[in-house]
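First the proteins, then the strands, lettered A, B, ... as listed; each starts at 1.
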There are 2 protein chains.
Amino acid sequence: MRREAQVPATSRPTSRDVAHEAGVSQSTVSLVLGGKWTGRVSPATARGVREAAERLGYRPNQAARNLRLGTTRTVLLMVPTLTAPFFGPVHTGAVRVAARHGFGVVAYVWPDDTGPADSPFAAPHEAIDGILASSMAVDALARFGGTPAVMLDSDPAGSAATVGFGVADGMRAIAAHLAELGHRRIGHVAAAVDQWTFRARAQALAGAVAGLPGGVLSRSTCAIGVTPAKDAAARLLAQPDPPTALVCDDDLIAAGAYKAARALGLDVPSDLSVTGFDDVLLATALEPELTTVRLPAEELGAQGMAVLLELLGGGRPARRVLPGELVVRGSTGPPRAIR
Amino acid sequence: MRREAQVPATSRPTSRDVAHEAGVSQSTVSLVLGGKWTGRVSPATARGVREAAERLGYRPNQAARNLRLGTTRTVLLMVPTLTAPFFGPVHTGAVRVAARHGFGVVAYVWPDDTGPADSPFAAPHEAIDGILASSMAVDALARFGGTPAVMLDSDPAGSAATVGFGVADGMRAIAAHLAELGHRRIGHVAAAVDQWTFRARAQALAGAVAGLPGGVLSRSTCAIGVTPAKDAAARLLAQPDPPTALVCDDDLIAAGAYKAARALGLDVPSDLSVTGFDDVLLATALEPELTTVRLPAEELGAQGMAVLLELLGGGRPARRVLPGELVVRGSTGPPRAIR
DNA sequence: CTGAAAGCGCTTACAG
DNA sequence: CTGAAAGCGCTTACAG
């Protein structure tokens with residue numbers, strides 16, 4: 001009978017230890033600490049239990065709780081990458097709200113390039129209560145079956161709960177800002193990424209320029225990175241009648257546009273205006289500082305988690321949209337012609 | 001007797017279902033799927049079990065496994081922030097290795113500013129097997145008691161397992177590069193962060209400049225951010241005999257140094273050389289591109305996790321050091337005087 | 001080679 | 001108001 005040697009000695013107190021310390025039964029401890037005691041346990045007993053738990057430094061065993069309840073109190077945050085500056089804050093916001101409700105967050109980079117697991121007890125999505133999916137295609141969630149999910153910055157057309165950004169409004173604000181400065185020939189350096197958020201940006205910009213008397217829109221696409229963006233911007237600037245302003249799908253692409261301008265000896269903003277999108281840290285590190293649309297990334301994570309918790313609680317949360325804000329800095333000015 | 005209504009119907013097959021499907025006992029299923037069957041279960045039976053599991057789409061219940069084994073297969077990754085560009089890749093590397101061994105990674109931002117939890121079943125560090133702590137003080141681990149931990153880019157003097165960067169060598173490489181270009185008056189724009197990695201950088205630079213005939217080192221400190229760094233750099237450049245090169249503790253600080261130079265009408269690199277540290281994405285977004293030391297962040301996360309897994313397996317892993325690599329780009333050149 | 005059984009630490013219907 | 005007991009789904013010593 002060496003049963004006790006089977007399980008590594010964790011020395012952590014259990015609810016049974018607390019019960020012994022408080023002189024009550026284990027079920028009473030569970031009731032009290034679970035907050036379901038009112039009307040069922042006397043206040044004096046409840047206090048005694050709490051004091052005993054405190055003395056022993058008792059913390060419930062999550063695994064046991066999860067097993068019993070059939071839940072995990074864990075949420076999967078699916079992001080296309082954690083390396084891009086945008087998604088760190090999303091994670092931070094999600095964790096902040098989750099922690100407040102006793103939930104943990106596991107970040108999962110999608111598409112998955114971590115390769116197959118050695119063990120059959122692998123992927124974190126085997127043991128989660130819900131999914132927070134950022135900038136993902138709706139159908140990518142199919143393989144997760146009926147797991148409650150909230151889509152972030154994604155197509156609101158589907159049936160899934162969503163928290164979005166006002167990307168179309170943001171893009172229109174940029175267009176209006178440039179139009180007011182006098183720009184008519186606009187170049188769109190677009191992300192070659194098949195996501196709703198970028199399609200929405202392109203569509204909003206196209207609509208705005210189409211509504212502008214004399215407005216001309218040209219477009220070039222690239223991967224989200226400085227060098228590809230530089231090339232795409234250079235292609236637009238090499239046209240016979242080049243744009244006087246480059247609207248970029250995100251701040252990183254704008255950094256590439258700066259480089260293209262410099263390579264051609266063009267000054268930003270006197271020869272060329274450039275705008276970004278997102279307002280990540282990079283935007284103020286660049287010279288001149290970048291005119292862009294600020295998207296509240298941390299708030300997206302926080303509200304997304306709040307909506308997911310509502311969903312898990314049986315609610316039917318309404319769609320939320322977080323507005324983007326135009327931040328005018330030094331990278332935009334009147335075009336050379338009307339200066 | 002409505003027992004079955006107690007637990008939410010997950011409809012997931014259990015090992016008992018697999019046993020029924022395969023016509024064997026539940027313990028046999030566990031043995032086979034746990035990989036401990038050789039010599040105890042006939043190959044034919046084992047195959048039958050595996051086929052049944054496949055047919056049913058069986059995945060073991062982690063909570064039950066954790067409860068039984070007293071482990072969680074979860075590792076906590078503690079980082080000072082996920083918002084800075086450096087730590088995303090560390091997380092990515094850690095997840096890559098962890099997933100391969102059936103471990104999950106929960107990122108935990110330290111110091112903790114998420115506030116207290118509403119529920120007593122809160123902080124993720126109540127249910128983890130090990131800790132990966134990046135750029136942290138050794139004593140911050142104290143509250144986690146005996147939990148196995150690996151320190152990343154931290155003081156190797158302690159007793160904890162560590163995976164480090166060759167930060168001192170990296171700093172010496174920068175100093176040598178600048179010395180060779182002809183610089184003698186060096187300004188150090190140092191991070192005002194009490195971490196071993198920055199102390200090591202400062203010490204290495206001081207040593208290198210001290211060994212340089214005619215070498216003069218001045219230093220100014222700042223928070224890690226563009227604006228504070230700009231101010232700190234400006235202070236150094238306002239000295240009567242200003243440095244001809246600014247050595248910055250990381251790339252973000254270097255971005256601030258660029259701004260200070262521009263505000264004074266100084267060209268980088270013809271009037272002032274600037275160097276960074278880390279080689280994050282920002283380094284090539286800047287103009288001119290930044291001479292810096294590349295630290296393999298993703299590899300730090302990956303090797304850190306490998307060491308932690310070794311530790312959890314009962315090993316006594318040796319300290320590992322990942323070398324930094326000097327990357328010479330456009331921000332360094334000979335000082336004006338000897339041009 | 002295979003199965004019956006104990007037990008990990010909880011939550012909660014049920015009986016007093 | 002309180003306790004004894006079942007059971008969540010596993011792993012593993014033990015008995016055949």
Side-chain angles (χ1 to χ4, degrees), chain A residues 1-20 22-49 53 56 58-73 120-121 126-127, chain B residues 1-20 22-49 53 56 58-73 120-121 126-127:
Chain A
M1 180 78 170
R2 302 212 313 284
R3 285 255 167 234
E4 65 280 11
Q6 268 181 230
V7 168
T10 53
S11 78
R12 264 180 62 183
T14 71
S15 61
R16 189 178 301 272
D17 297 325
V18 176
H20 185 81
V24 299
S25 77
Q26 186 267 330
S27 27
T28 299
V29 171
S30 187
L31 245 24
V32 170
L33 267 23
K36 310 201 169 166
W37 61 279
T38 25
R40 307 213 260 166
V41 176
S42 75
T45 305
R47 185 154 31 80
V49 167
L56 264 40
Y58 169 73
R59 308 258 73 192
N61 180 312
Q62 281 294 343
R65 188 158 202 268
N66 294 342
L67 176 57
R68 177 60 230 235
L69 259 23
T71 68
T72 61
R73 295 191 92 75
F121 313 103
E126 301 302 339
Chain B
M1 178 74 170
R2 303 214 310 286
R3 284 257 170 235
E4 64 280 10
Q6 269 182 229
V7 168
T10 53
S11 78
R12 264 179 63 183
T14 70
S15 60
R16 189 177 304 269
D17 298 326
V18 176
H20 185 82
V24 299
S25 77
Q26 185 269 329
S27 29
T28 299
V29 171
S30 187
L31 245 25
V32 170
L33 266 23
K36 309 201 168 165
W37 61 279
T38 24
R40 307 213 258 166
V41 176
S42 75
T45 306
R47 183 153 33 79
V49 167
L56 265 38
Y58 170 72
R59 307 258 72 191
N61 179 311
Q62 282 294 342
R65 186 158 203 270
N66 293 342
L67 176 58
R68 178 61 231 233
L69 259 22
T71 68
T72 62
R73 296 190 91 76
F121 313 104
E126 301 302 340

Atom-pair distance ([atom1] on [X]; [atom2] on [N]), nearest Å:
X: R40(B); N: dT2(C); atom1: CZ; atom2: P; answer: 12 Å
X: K36(B); N: dG3(C); atom1: NZ; atom2: P; answer: 19 Å
X: Q26(B); N: dG7(D); atom1: CD; atom2: P; answer: 16 Å
X: R59(A); N: dG9(C); atom1: CZ; atom2: P; answer: 17 Å
X: L31(A); N: dG3(D); atom1: CG; atom2: C1'; answer: 11 Å
X: Y58(A); N: dG9(C); atom1: OH; atom2: P; answer: 10 Å
X: R65(B); N: dG9(D); atom1: CZ; atom2: P; answer: 16 Å
X: L33(A); N: dC10(C); atom1: CG; atom2: P; answer: 9 Å

- Query: Does V49(B) reach the side chain of L33(B), with side-chain heavy atoms less than 4.5 Å apart?
  - Reply: yes
- Query: Is there side-chain contact between T45(B) and V32(B), with at least one heavy-atom pair below 4.5 Å?
  - Reply: no
- For residues A22(A) and G48(A), report the shortest heavy-atom separation together with the two atoms involved. CB-O, 4.0 Å
- Message: I want to confirm an ordering. Mapping G23(B) and A64(B) to their closest nucleotides on DNA chain C, which one lands closer to the 5' end?
- Response: G23(B)
Given [options], the nucleotide with the shortest approach to the side chain of [X]:
X: L67(B); options: dT2(C), dC10(C), dG9(D); value: dG9(D)
X: R68(A); options: dT12(D), dT11(C), dA4(D); value: dT11(C)
X: S25(A); options: dC10(D), dA4(D), dG9(D); value: dA4(D)

- Message: Distance check, rounded to the nearest 0.5 Å: S27(B) atom OG versus R40(B) atom CZ?
- Response: 10.5 Å
- Note on the structure: dist T14(A):OG1 -> R59(A):CZ (nearest 0.5 Å) comes out at 14.5 Å
- Message: Regarding S27(A), tell me which of base, sugar-phosphate or nothing describes its non-hydrogen contacts under 4.0 Å with the strands shown.
- Response: base
- So what does T14(A) hit on the nucleic acid, given a heavy-atom distance under 4.0 Å: a base, only sugar-phosphate, or nothing? sugar-phosphate
- Distance check: side-chain N/O of T45(B) vs OP1/OP2 of dT2(C), anything under 4.0 Å? yes
- Look at the side-chain N and O atoms of S42(A) and state whether any lies under 4.0 Å from the OP1 or OP2 oxygen of dC1(D). no
- Message: Under a 3.5 Å cut-off for both contacts, is dA13(C) paired Watson-Crick or G-U wobble with anything, and if yes, with which nucleotide?
- Response: none
- Could you check N61(B) against T28(B) and say which one's nearest nucleotide on DNA chain D is further toward the 5' end? N61(B)
